[in-house]
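Heads up: the structure comes next, in structure tokens.
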Amino acid sequence: MKSVVLIVMDGVALSDKPEGNAVLGAYTPNLDYLVQHHPWTKIKAHGTAVGLPDDGDMGNSEVGHNALGCGQIYAQGAKLVDEAISSGRMFDTPVWQNLVKGDTLHFIGLLSDGKVHSNIEHLIALVRKAYDDGVRCVRIHILLDGRDVAAQSALEYVAKLELVLAELNSRDFDARIASGGGRQRITMDRYGANWGMVEEGWNVHVNGIGEQFGSASEAITAAREVNPNIIDQDLPPFVIAENGEPVGKIADGDSVCLANFRGDRAMQLSQAFDLPNFNKFDRGTAPKVYFAGMLQYDGDSKLPQNYLTDPPHIQNTLTDLLVSHGVKQFAVSETQKYGHMTYFWNGNRTEKPDPNLEDWVEINSDILPFEQRPWMKAAEITDQVVSAIESGEYGLIRANMPNGDMVGHTGNYHAALISVSAVDLCIGRIMEAAKKAGVTLIVTADHGNADEMTEKDGKTPKTAHSLNPAPFIIYSDDEVRLQQGKGYGVANVASTVAVLLGLQPHPNWERSMI
């Protein structure tokens, strides 16, 4: 069996438009060589190809790695919640019935319609249903986006939410925004990279500790007066207060709903609410509340215990197939994307299907703005990949290079150029090691980002993902031919890897591209 090395260039997709295109503008001699001399094609990495409701929906790393790792298209976060709300199933659950029994119902979540972590329409539907079900006090703790949507669009979403609240408040209802802040400042850390973010979010949302303002709009406007160029994701935390008192501290007897549906940036706050022996930071006297998530974010650790929508039950992954054939695997990335090559890749499972057949390596990410160090840990990841190749132990070696996505989200075009060039440099090293060892190398991506760093005006920084296709490249001494045809997406990668390894793909998978 000839080994396969699969490199996921996170956030590096393809577009012919030069404006704001850090992929096209970067120095990439190795990628240029690959597309000129080796088999390659474009694959769809957004919308229906990754289980999202429609093709106007951006792909993201979670659904992208689910599809890459399982070879199938499952209905994902936004679509699952859409169906649960529209059918009314969500509101017939015991979890919803318990939520509406609290003294005050609190919602915490990302306030946008990016549909990557959340959707404001879901929040509005839940607030309206809470009113219909007799709840009379609601507090909303908003996390501001500017990453999956326009960089400075927070005021638009606040205005939309406040219009709904004003309508309901005219009918014997008390619903208000209680706290908030940028998603990269508080609450929405992932993989334990920076627990300080979650601690600050806890103090803002739960304890009402933070700079006080009369409204969310006032807080956002004040921050922009200090820094007109600040992106919503970086907005400082704030607390809404009246007469010096926070309007929405979370207290004993309340209920709390985490309205995000994506798991990676919801796990840590769920732990803070759900785990009795939580010790990552001092919560003070944690209030006794009923806590629920929009979904269960981790089926292995059962977090949260209560959830409103069943997550996709992903079966028959590529890892499952390889384990059944005794094929040993190696997975590596830095903290920011480590879970994507392990948890998401393996169908939302935190545990290894067979610990004897999978080795995982996490390289600690730097805790600083990514535009300040756009090369991130690409070199260290490459060291691990090259060592794994040279060891001859593994049938499949998989790695994620986070640079194009994490730096792309900063909106800094020049930093994104460096990030893509750094990844290309590392791919050159991996190509050399692959050739020397006689293994097959695949270079692909999970979605776009660095390929579209400006809005349509060509000037305004864009921090959201793009709808552009991902590359799929095969580098091998063997003659490999990609089948002609349209309709390939990231879910076609698993069966292609299986065929390259000489294995029969699972019958439920999308077809192989070779």
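Note: hydrogens, waters and symmetry copies are ignored here, and every other heavy atom, side chains too, is used.
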Inset, instruction - Give a yes-or-no answer on whether the side chains of Thr317 and Asn346 include a donor-acceptor pair shorter than 3.5 Å. - result: no
Legend entry - Backbone N/O of Ala272 and side chain of Arg283: donor-acceptor pair under 3.5 Å: yes
Legend entry - Value rounded to 0.5 Å, distance of NZ in Lys115 from CG in Asp57: 4.0 Å
Legend entry - Neighbour count >12 (heavy atoms, 6.0 Å) for atom CG, Asp457: yes
Legend entry - Donor-acceptor contact present, side-chain Arg139 to main-chain Val247, <3.5 Å: yes
Legend entry - Met376 vs Ser419 side-chain heavy atoms within contact, under 4.5 Å: no
Inset, instruction - Could you check Arg183, His409, His465 and say which one makes a side-chain hydrogen bond (donor to acceptor under 3.5 Å, both in side chains) with Asp148? - result: Arg183
Inset, instruction - Evaluate the side-chain proximity of Lys79 to Leu52: yes if any heavy-atom separation is below 4.5 Å, no if none is. - result: no
Legend entry - Minimum side-chain heavy-atom gap Asp424-Val420 below 4.5 Å: no
Legend entry - Euclidean distance, Ser255 OG relative to Asn306 CG, rounded to 0.5 Å: 11.0 Å
Inset, instruction - Report yes if some heavy atom in the side chain of Val116 is under 4.5 Å from a heavy atom in the side chain of Glu62; otherwise report no. - result: no
Legend entry - Any donor-acceptor N/O pair, Asp234 side chain to Ile230 backbone, under 3.5 Å: no
Inset, instruction - Go through the side-chain N and O atoms of His205 and Thr187 and say whether any donor and acceptor fall under 3.5 Å apart. - result: yes
Legend entry - Residues Asp145 and Ser153: side-chain donor-acceptor under 3.5 angstrom: no
Legend entry - Donor-acceptor pair, side chain of Asn492 and main chain of Gly489, under 3.5 angstrom: yes
Inset, instruction - Quick one: pull up CD1 in Ile427 and CE in Met431 and give me the separation to the nearest 0.5 Å. - result: 8.5 Å
Legend entry - Electrostatic pair Asp451:Lys17 at N-O distance under 4.0 angstrom: no
Legend entry - Distance in Å, Asn21 CG paired with Tyr413 OH, rounded so as to fall on 0.5 Å steps: 7.0 Å
Inset, instruction - State whether the side chain of Asn412 and the backbone N or O of His414 hold a donor-acceptor pair below 3.5 Å, judged by distance alone. - result: yes
Legend entry - Straight-line distance of Trp202 CH2 to Gln268 CD, nearest 0.5 Å: 13.5 Å
Inset, instruction - Say whether Lys462 and Ser466, considering side chains only, have a donor N or O and an acceptor N or O under 3.5 Å apart. - result: no
Legend entry - Polar side chain donor-acceptor pair, Asn468 to His447, under 3.5 angstrom: no
Legend entry - For Asp264, the option from Lys337, Arg190, Gln336 that meets side-chain hydrogen bond (donor to acceptor under 3.5 Å, both in side chains): Arg190
Legend entry - Worked check of side chain to side chain contact (heavy atoms under 4.5 Å, CB included) between His106 and Val206: CA-CA 10 Å; His106 298 262; Val206 176; over 6 Å; no
Inset, instruction - Using a cut-off of 6.0 Å, state whether more than 12 heavy atoms not belonging to Lys129 lie near its atom NZ. - result: yes
Inset, instruction - Answer yes or no: is there an ion pair linking Asp232 with Arg224, defined by an N-O contact shorter than 4.0 Å? - result: yes
Inset, instruction - Consider only side-chain N and O atoms of Asn194 and Asp189, and report whether a donor and an acceptor are under 3.5 Å apart. - result: no
Inset, instruction - Answer with yes or no whether the side chains of His65 and Asn400 bring together a donor and an acceptor at under 3.5 Å. - result: yes
Legend entry - Side-chain donor-acceptor pair present, His122, Asp82, cut-off under 3.5 Å: yes
Inset, instruction - State which residue, out of Asn60, Asp446, Val63, fulfils the side chain to side chain contact (heavy atoms under 4.5 Å, CB included) condition with Val50. - result: Val63
Legend entry - Reported CH2-to-OH distance for the pair Trp360 and Tyr343, which is rounded to 0.5 angstrom: 11.5 Å
Legend entry - OH/Tyr27: more than 12 non-hydrogen atoms of other groups inside 6.0 Å: no
